[in-house]
Amino acid sequence: MRTVYVNGEYLPETQATVSIFDRAFLMADGVYEVTSVLGGKLIDFDGHIKRLERSLGELDMQHPPEMGDLLDIHRELVRANDLVDGMIYLQVTRGAAADRDFVFPDPETTRPTVVLFTQSKPGLAKSPAADKGLKVISIDDIRWGRRDIKTVQLLFPSMGKMMAKAANCDDAWLVEDGFVTEGTSNNAYIVKGNKIITRALSNDILHGITRAAVLRFAREAQMEVEERSFTIDEAKEADEAFITSASTFVMPVVEIDGVSVGAGTPGSVSRRLREIYLEESMNAAI
Ligand code: PDD
């Protein structure tokens, strides 16, 4: 049985509870982070905590008292669960107010709820999907306008994954005003003539921590990066496509809406970026 963390306590998962009045349960009033663990070490930890601070700030949410201890809590969960490869999920909510009310509760009396748990994924970095590549469909992006905040309001991304599954595909790319925003739970890229193209940062997409690292490594390796929007038609005609996220790292995309991208197999730029990302981030893991 897993050991999880809830509001200052480490507990067996079956004994960990949160109030039915918690605002994340009633209103999706919570933010989260997913940090991957490889070889028992945390990947891109600082980036995830910085983004958590930003998400909290954008929603006028209090920083929980354990903010400064988050590294120790992550490490303790890795230790207590003998986690080698997998993820740590962290969620902070606006807490459990006395009643259901749209108005934010007084932060003096309603403290944030903090929950962390581990998910074991042995061999996470050696996923067979990386050799095969993913098939994606395109769907309309009908999410809210602050996708830069990592909230737990994930119903549409979840529906998108189900639409992909129904089409015998692995994931969906979201399209707004004719341009790809991102994947349901990842950032989206295409490669054309050795140029890596991905949408620029704005409130329209999550500012991926893996994205930031991958683009930095790409530039360091003298690869050309262009941060601009692209369409599904352009993606279908690209040489390669891929996604990035904390749980997939760099993952090739080989088919979009039934059309093969490039040769229909993972391309050399995607494969190289995956190798560089895994090597560099494992070296820097803490
Ligand atoms: N998802 N875009 C969206 C909509 C996401 O949900 C995620 C991450 C990303 C990639 O961000 P990062 O590189 O920081 O993981 C982009 C996580 C993994 C999840 O919800 O499980």
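Atoms within each ligand, like the ligands themselves, are counted from 1 in listed order. Just so you know, these numbers come straight off a predicted model, no measurement behind them.
Side-chain contact between Leu42 and Val37 is present, with at least one heavy-atom pair separated by less than 4.5 Å.
Thr184 and Lys161 are linked by a side-chain donor-acceptor pair at a separation below 3.5 angstrom, with hydrogens and angles left out of the test. Neither side chain, Glu240 nor Tyr189, offers a donor N or O lying under 3.5 Å from an acceptor on the other.
Judged by the 6.0 Å distance and 45° axis criteria, Arg199 is not positioned over the aromatic ring of Phe230.
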Write out each pair where an N or O from ligand 1 and one from the protein are under 3.5 Å apart, with the distance.
from	atom 1	to	atom 2	distance (Å)
ligand 1	1 (N)	Lys150	NZ	3.2
ligand 1	1 (N)	Ser185	O	3.3
ligand 1	2 (N)	Glu182	OE1	2.6
ligand 1	13 (O)	Ile209	N	3.4
ligand 1	13 (O)	Thr210	N	3.0
ligand 1	13 (O)	Thr210	OG1	2.6
ligand 1	14 (O)	Arg51	NH1	2.8
ligand 1	14 (O)	Arg51	NH2	2.9
ligand 1	14 (O)	Ile209	N	2.8
ligand 1	15 (O)	Ala246	N	2.8
ligand 1	20 (O)	Tyr32	OH	2.6

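Around NZ of Lys236, the count of heavy atoms belonging to other residues, nucleotides or ligands within 6.0 Å exceeds 12.
Residues passing the side chain to side chain donor-acceptor pair (under 3.5 Å) test with Gln62 are Arg111, sequence neighbours excluded.
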